[in-house]
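Each remark here refers to the structure printed beneath this line.
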Amino acid sequence: MRWSIFGGVAALLMAAGTALAAESEVELPERHWSFDGLFGTFEREDVRRGYEVYRNVCAGCHGLTLIRYRELAALGYSEDEIKALAAEQTYTDGPNDQGEMFERPGLPSDPFKAPFPNEQAARVANNGALPPDLSLLVEARAGGANHVYGVLIGYEEPPADFPLKEGQYYNKYFPGHVIAMPPPLSDGAVAYPEGVEATVPQMAADVTSFLAWAAEPTLEARKRMGVKSVLFLIVFTGLLYAVKRKIWLGVKH
Amino acid sequence: MSAPVFRNPVVRWIDYRLPVFTFLNHELNEYPTPRNLSYWWNFGSLAGIMLVTMIVTGIVLAMHYTPHTDYAFESVERIMRDVNYGWLIRYLHMNGASMFFIITFIHMFRGLYYGSYKAPRELLWILGVVILLIMMATAFMGYVLPWGQMSFWGATVITNLFSAIPFVGENVVSWLWGGFAVDNPTLNRFYSLHYLLPFVLVGVVVLHLIALHRFGSNNPLGIDTKGPQDTLPFHPYYTAKDMFGLGVFLIFYALVVFFAPNLFGEPDNYTPANPLATPAHIVPEWYFLPFYAILRAVPNKLGGVVLMFAAIFVLFILPWLDRSPVRSARFRPIYKIFFWILVVDCVVLGVVGANPPEGTWVVIGRIATIWYFLHFIVLLPLLSRLERPRPLPVSISQPVLSGGGYAPAPARAMDKA
Ligand code: HEM
């Protein structure tokens, strides 16, 4: 009787789960990511190509302000490469000893520079829509990486008589299907290394991997420590069980 | 219970003047505990360990957190990214709250099943309900601190509930906010209280334990211990059992923290708070969902708020609603069924709370709410008069040690046999 109730509760929870899932309206593409699963890690090659896509395409509209240039070292960029990448941007600093603000090239300790000085400027440049900062976007959407990937590959011709206003695009993976971002990727948009073709799905997957790294650069450390901790705890708990058995041996209860 | 003789002379010197060692030995070592406790009795000590875990991780987080609307969100991200093992501390604290509630809910349902709220443990139970209330206040204010979208909108929705108070509602709300909206003053006072309340909790837990140790634990049979043959010293028997239970729990906790740290969270809370953009669905943390469902089951705001608080306050008077002299559901065949229906009812309320208040969810929510109150206010008093309990064992040791010996059931008012 007790177990049938547990079964009933479990069934209810599953029903609730599907009800909640149904709310997000769109069926996202299911993709296997290298950072999924207990032993997931970031493929450095993918993430580096993803950074190139971000830098050359997305950075024109989207900030990534939680990442500093020096953190690119984790992706295998050398100190000189990082210095050069940072120096491509100018930052306002100061005041100097004359009491004046001045412009200087970026340093590895600077955060990625947002493309617009403020929200209003961003909206004016984007038909009134606001391109969100991408630092945490993979964490901030229920579908995670699949959501971002879906949005990037989901552009299509709208169904006949689908109402679209000026500056709106049809996207089959975006909730509501109307998105204000023009299709950002096209085949060959970014110069790719020999052997990898710069197709839209390839670039979309790469930049999604990069954004997943940006959202949680400590993911690999977390999973590594997790595997060790859980293994340790299983052994330790086994020992505790043996101790408990030994102590209770011969006690009627 | 003779005064212990400590071998270490320093300990003996101190204990003679300040008998803390005698106290500890008495309460944690020789403390007589029923010999038949099941694993459901592990959850009290787990709750205590979780409370300590929350305080320790919380204090470390507080060293790096900035309670200001302009910096709070980013300071949390800096903890995640730049502080050494900051991600670990934060995930432990964030999921620790969920663990604490899972444990406490199980602990309470254990109390309901085995009648642990009945005489002479009424105050012990009432202190438990006080603990639950303080835990809820602490968790609610903690969730506001990272200043994400759900922090802000959850705080707005919940504090707005107080505007339902007749006449002074609006004043109360702006007094709570320290202004005319949830803003920096609100964040600051929530931070201050979030730091304070866990220590109040420690105080109430101490009282809870003093009350517990007055009569000792209840047990699965729900009958009183009758002498040394019914008990075991707490150490090493229950220390060993509690440690094993802790190990099992830690495996579960670790799996969540390391492999699904955002399982219990809302993705929206990774978007910084924006007073101008309301999220599509504002949902509270999962442990508030049953209460949220009760709140929304009533079409009238004031009524909803009153009923939501009543759902907890009814637990205060529970010892006087259930008058059956038999504690354990093992010997109460009808109560046992209603107990499990109540468990399902609470889960249903939780599911309703997670869904938008539309269509059938409204109907289900209302039925489940009515059942919740029906259970406590009508069924329990009725059952205590009508139900015929099964015969109780004479003592704990008897069925345990000789496999027999049942006393006749207490006479019932309506004996249908
Ligand atoms: C911070 C949260 C809490 C802590 C640290 C805590 C701690 C404990 C501990 C260590 C025990 C003894 C061992 C055990 O029976 O598991 C206990 C017993 C008990 N607690 Fe709690 N508790 C908490 C919350 C609650 C709540 C919310 C309630 C119910 C409203 C409650 C009701 C009881 C009762 C009735 C007992 C006696 C149980 C029995 O012996 O059968 N406690 N508590």
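A note on names: the letters A, B, ... follow the listed sequences, proteins ahead of strands, and every chain is numbered from 1.
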Tell me, side chain or backbone of [X] under 4.5 Å from chain A's heavy atoms, or both, or neither?
{"X": "B:Val352", "answer": "neither"}
{"X": "B:Asp82", "answer": "side chain"}
{"X": "B:Gln149", "answer": "neither"}
{"X": "B:Leu88", "answer": "side chain"}
{"X": "B:Phe73", "answer": "side chain"}

Out of [options], which one racks up the most heavy-atom pairs below 4.5 Å with chain B?
{"options": "A:Ser135, A:Ala215, A:Pro132", "answer": "A:Ala215"}
{"options": "A:Ile234, A:Leu137, A:Val243", "answer": "A:Ile234"}
{"options": "A:Ala214, A:Ala242, A:Gly238", "answer": "A:Ala214"}
{"options": "A:Met225, A:Arg141, A:Lys246", "answer": "A:Met225"}

Quick check: does any side chain N or O of B:Thr33 sit under 3.5 Å from a backbone N or O of B:Tyr31, one acting as donor and the other as acceptor?
yes
Taking the inter-plane angle between the rings of [X] and [Y] on a 0 to 90° scale, is it parallel (under 30°), tilted (30 to 60°) or perpendicular (over 60°)?
{"X": "A:Trp248", "Y": "B:Tyr237", "value": "perpendicular"}
{"X": "A:Phe112", "Y": "A:Tyr54", "value": "parallel"}
{"X": "B:Tyr335", "Y": "B:His375", "value": "tilted"}
{"X": "A:Tyr170", "Y": "A:Phe162", "value": "perpendicular"}
{"X": "A:Phe210", "Y": "A:Tyr51", "value": "tilted"}

Sequence neighbours excluded - salt bridge (Lys or Arg N to Asp or Glu O under 4.0 Å) pairs with any residue from residues 213-225 of chain A
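Sorted result for residues 213-225 of chain A: A:Arg44-A:Glu220, A:Glu216-A:Arg222.
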List in chain and number order the residues that pass side chain to side chain donor-acceptor pair (under 3.5 Å) with A:Ser209, two or more places apart in sequence or in another chain; answer none if no residue qualifies.
none
If you tally heavy-atom pairs under 4.5 Å against chain A, which of [options] wins?
{"options": "B:Gly247, B:Ala240, B:Pro267", "result": "B:Pro267"}
{"options": "B:Phe244, B:Tyr85, B:Tyr91", "result": "B:Phe244"}
{"options": "B:Ala254, B:Ala280, B:Pro261, B:Pro34", "result": "B:Pro261"}

For the ring pair B:Tyr292 and B:Phe288, is the centre-to-centre distance below 6.0 Å?
no
Answer yes or no: does atom OH of A:Tyr91 have more than 12 heavy-atom neighbours from other residues, nucleotides or ligands under 6.0 Å?
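Buried by this count: over 12 neighbours within 6.0 Å.
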Those residues of residues 32-41 of chain A, ordered by number, that approach chain B below 4.5 Å (heavy atom to heavy atom):
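At a heavy-atom separation under 4.5 Å, chain B is reached by A:Leu38.
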Is A:Ala221 in contact with chain B via its backbone, its side chain, both, or neither, using a 4.5 Å heavy-atom distance?
both
Contact origin within A:Tyr241 toward chain B - heavy atom pairs under 4.5 Å:
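For A:Tyr241, backbone and side chain are both near chain B.
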Nearest heavy atoms of B:Lys226 and B:Val394, plus distance in Å
NZ-O, 2.7 Å
Can you see which heavy atom on B:Phe109 is nearest to which on B:Phe339, and at what distance?
O-CE1, 3.4 Å
By side-chain contact (heavy atoms from CB on, under 4.5 Å), which residues pair with A:Glu119, not counting sequence neighbours?
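side-chain contact (heavy atoms from CB on, under 4.5 Å) check on A:Glu119 returns A:Arg123, A:Leu130.
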